[in-house]
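Worksheet: one structure, shown below.
None of the values given here were measured: they were computed from a predicted structure. Proteins get letters first, then strands, A, B, ... in listed order; numbering begins at 1 in each.
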4 protein chains.
Amino acid sequence: MSVNKKELIRTAAIEVIATKGFYRSTTDSIAAAAGVSVGTIYNYFKNKDEILEYIFQTELAHRAAIFAELKDLTVPSLEKLQLFLEAHFTEIKANPLVGQILVRERQVGHDALDGVRAFVEGIPQKIASLLQLSIEAGEIKPCNPLIISAAIFGAVEAVVRIAVFTVDPEERNRLLDQAPVELVNFISSGLAK
Amino acid sequence: MSVNKKELIRTAAIEVIATKGFYRSTTDSIAAAAGVSVGTIYNYFKNKDEILEYIFQTELAHRAAIFAELKDLTVPSLEKLQLFLEAHFTEIKANPLVGQILVRERQVGHDALDGVRAFVEGIPQKIASLLQLSIEAGEIKPCNPLIISAAIFGAVEAVVRIAVFTVDPEERNRLLDQAPVELVNFISSGLAK
Amino acid sequence: MSVNKKELIRTAAIEVIATKGFYRSTTDSIAAAAGVSVGTIYNYFKNKDEILEYIFQTELAHRAAIFAELKDLTVPSLEKLQLFLEAHFTEIKANPLVGQILVRERQVGHDALDGVRAFVEGIPQKIASLLQLSIEAGEIKPCNPLIISAAIFGAVEAVVRIAVFTVDPEERNRLLDQAPVELVNFISSGLAK
Amino acid sequence: MSVNKKELIRTAAIEVIATKGFYRSTTDSIAAAAGVSVGTIYNYFKNKDEILEYIFQTELAHRAAIFAELKDLTVPSLEKLQLFLEAHFTEIKANPLVGQILVRERQVGHDALDGVRAFVEGIPQKIASLLQLSIEAGEIKPCNPLIISAAIFGAVEAVVRIAVFTVDPEERNRLLDQAPVELVNFISSGLAK
DNA sequence: TATGAATGAGGGTTCATTCAT
DNA sequence: GATGAATGAACCCTCATTCAT
């Protein structure tokens, strides 16, 4: 029951924060959206920041799980990257509100929020490791993985941003379908030997 | 009196906001950093939000000026893009604090801040128009300029983010020198026919 | 907890506002007088204006209750007016601070405060209706009830003002006892010999 | 020239204060309405309060002049009162904005403003002296002049209030014409049939 | 005298957090 | 665990007043 309640609050917080932004979202409004009282929030989260952390942590965990699955696959590293991006976009499509938060609240509070930082730095790191493997395997031409992985993630997030703030659901889904293809194509050719 | 007060406040605000983030920057602290009283801020800005707007507006104006200069150049559109990115990175290098703000405070206040929105949407639009010309000129392969320009700007900003939050100045400058080369290379090959 | 908080704040606000005037009364000082924190005020009132509104609303409700009681009495309408004025002065006598506010803060805020307006317009209206009945019953000579009811209420309030700002309690009470007699006499038969 | 400028400011202040109320009128807006700069106001008035004082002082001086003229007339005291009220209403009719201020800003700032107090207490005192004379001359029945003069002034001001806040000029003038007649009649002979 | 930019104390309001029930 | 009234520090903004030009 208690696990469900934390989830309940997380879900409600996503709606509120995606709509109003983190700093403009009050704990009261999150509580109201969750159908609990403010006090209850503090039984599951140490403070308001931790709610946002938890949202990012949850998403990072999802992405990490995807990476873990991909790790054992016997396909070229570059293809793993493509598969990851597709999975990423699929999740965004399933929950665009989370997408809004991921691209908007990333820098909240001095980067002092560990969960947020872990996400923002963690994804590019994983991409970087794939790139490194890909370079070593001679699949792609040499590059600075730190810079290029950041660039890739930045490109991805920018496209997510466009899609996610598109209000018309039909158009948004079209973008989210088309984007990974365009993106992967753009990235792949860029990395082509 | 010799120094323009509005500029004085803008400069001070950049330091404060870059360090603490917009929402954690108080008008008092901005005033203190500028060596004026709070009241003076409100002689030049309608409210706190407008300070941030003005920062973005100023940067957008710089970028627009660069574009204007490039427009008349008789070089391939793709090369214009490279020149723009180089100019962008040069400006960031000259004032990394502004860079921090550009990548961090982009989504402040519901995207309701016109100056911020103008910047965030304006740059990709200009890139998109260069891409369009480039496609028409047969310089690059066809793509969705909307998506790809967003991707490019996202990639650029992500790299700016890394550089700009690198505390060691030497390392930061190295990154800012290396990044445009890597990036342009990444982008160009990606767009190669 | 036993005492209703909203009432507690209303009572404290009456003391503060009567003493310093509405515009010079700070929410902090009202909170202090009530023995609560500022925040608590805002749990019961939307803003400072609403405190004043509530004070007037409360008094209007008292007066309306008196009118309601008088309605069913089988006495001449003019006598009802006398009874009302006596009740009014009795209430003022019981709480002179409220009296001070009623005569001083009447026009606060552009007449935009509904509670205040309701009071200032409501009492004369009720008086006017009594006058109308009285005229129809042939008890008094015809007159413009709108003007005369305003005049009566104005006369009453002016006398309340004198009494209520008399610092010596004995003298004040003497005035408040004498005033309704003089007033009703004056109203009933004017200065005519 | 300097006398004219003080008048200029007084006139502008009347417009602003009548419209927005004293506490909501800024010195800036008064200066703007007068077509001078804030600084200039402080060359003619020690502070904002003094502007309001001056407005009341000016009106009191007008009323005092009327009384002075009436003093030497060889008519019954009660008739002098009637003449005074008529003159009062005539002035209000000529400048309703001043009327608004007279009835609204009377209690501003703790009654601490001498000019305001002088007006609010001065007029009833003059009325009281007329009543006293009238009683002594056996023209009217005995009464407490303090109370009755306050009542009369209160009645007058309440009617002024109604008239002055009537937006339609035609209707306002009709009220201002009708009111003194009704009022004087009411005062002279009350409601008695 | 006139100006109006600069001042900064002060005030209304918000909202994350606590804790007694 | 759940509640939600109470808290009060903190913040944005206003505006009467000053004073150098």
Arg161(C) bridged to Glu157(C) by N-O distance under 4.0 Å: no

Output all residues satisfying ring pair (Phe, Tyr, Trp, His ring centres under 6.0 Å) with Tyr54(A), sequence neighbours left out; order by chain, then residue number. Phe45(A)

Applying ring pair (Phe, Tyr, Trp, His ring centres under 6.0 Å), can you list everything that pairs with Tyr42(D), at least two apart in sequence or on another chain? none

Sequence neighbours left out, what passes salt bridge (charged side-chain N to carboxylate O under 4.0 Å, His left out) with Glu50(C)? Give chain and number order.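 Lys46(C).
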
Checking Glu15(A) now: which residues fulfil salt bridge (charged side-chain N to carboxylate O under 4.0 Å, His left out) with it, not counting sequence neighbours? none

Would you mind reporting whether Arg10(B) and Ile55(B) have side-chain heavy atoms less than 4.5 Å apart?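 Touching, per the 4.5 Å side-chain cut-off.
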
When the distance from [atom1] of [X] to [atom2] of [N] is rounded to whole Å, what number comes out?
{"X": "Phe45(C)", "N": "dA6(F)", "atom1": "CZ", "atom2": "C1'", "value": "15 Å"}
{"X": "Lys5(C)", "N": "dG4(F)", "atom1": "NZ", "atom2": "C1'", "value": "12 Å"}
{"X": "Ile30(C)", "N": "dT13(E)", "atom1": "CD1", "atom2": "P", "value": "10 Å"}
{"X": "Leu8(C)", "N": "dA5(F)", "atom1": "CG", "atom2": "C1'", "value": "14 Å"}
{"X": "Ile51(D)", "N": "dC15(F)", "atom1": "CD1", "atom2": "P", "value": "14 Å"}
{"X": "Ile41(D)", "N": "dC19(F)", "atom1": "CD1", "atom2": "C1'", "value": "16 Å"}

My understanding is that only residues two or more places apart in sequence, or in another chain, count here; which of them pass side chain to side chain contact (heavy atoms under 4.5 Å, CB included) with Asn95(A)?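 If we apply the side chain to side chain contact (heavy atoms under 4.5 Å, CB included) test to Asn95(A), skipping adjacent residues, the hits are Leu97(A), Val98(A).
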
Taking side chain to side chain contact (heavy atoms under 4.5 Å, CB included) as the definition, give me every residue that meets it alongside Leu60(B), ordered by chain and number, with sequence neighbours left out.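 Result, side chain to side chain contact (heavy atoms under 4.5 Å, CB included) vs Leu60(B): Ala118(B), Phe119(B), Ile123(B).
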
Given that Tyr44(B) and Asn43(C) both sit by DNA chain E, which one's nearest nucleotide is further toward the 5' end?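 Closer to the 5' end of DNA chain E: Tyr44(B).
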
Under 3.5 Å, side-chain donor or acceptor atoms of residues 32-40 of chain A against the rest of the protein: list the pairs with distances, not counting sequence neighbours.
from: Ser37(A); atom 1: OG; to: Thr40(A); atom 2: OG1; distance (Å): 3.4

Compare side-chain N and O positions of Ser37(A) against OP1 and OP2 of dT3(F) and report whether any pair is under 4.0 Å apart. yes

Dot-bracket for DNA chain F: what is it, with Watson-Crick or G-U pairs under 3.5 Å, [ ] where a pair crosses earlier ones, and | for a pair to another strand? .||||||||||||||||||||

Protein-nucleic acid N or O pairs under 3.5 Å, nucleotides 10-14 of chain F:
from: dC12(F); atom 1: OP1; to: Ser25(B); atom 2: O; distance (Å): 3.4
from: dC12(F); atom 1: OP1; to: Lys48(B); atom 2: NZ; distance (Å): 2.9
from: dC12(F); atom 1: OP2; to: Thr27(B); atom 2: N; distance (Å): 3.0
from: dC12(F); atom 1: OP2; to: Thr27(B); atom 2: OG1; distance (Å): 3.3
from: dC13(F); atom 1: OP2; to: Tyr42(B); atom 2: OH; distance (Å): 2.6
from: dC13(F); atom 1: OP2; to: Lys48(B); atom 2: N; distance (Å): 2.9
from: dC13(F); atom 1: O5'; to: Tyr42(B); atom 2: OH; distance (Å): 3.4

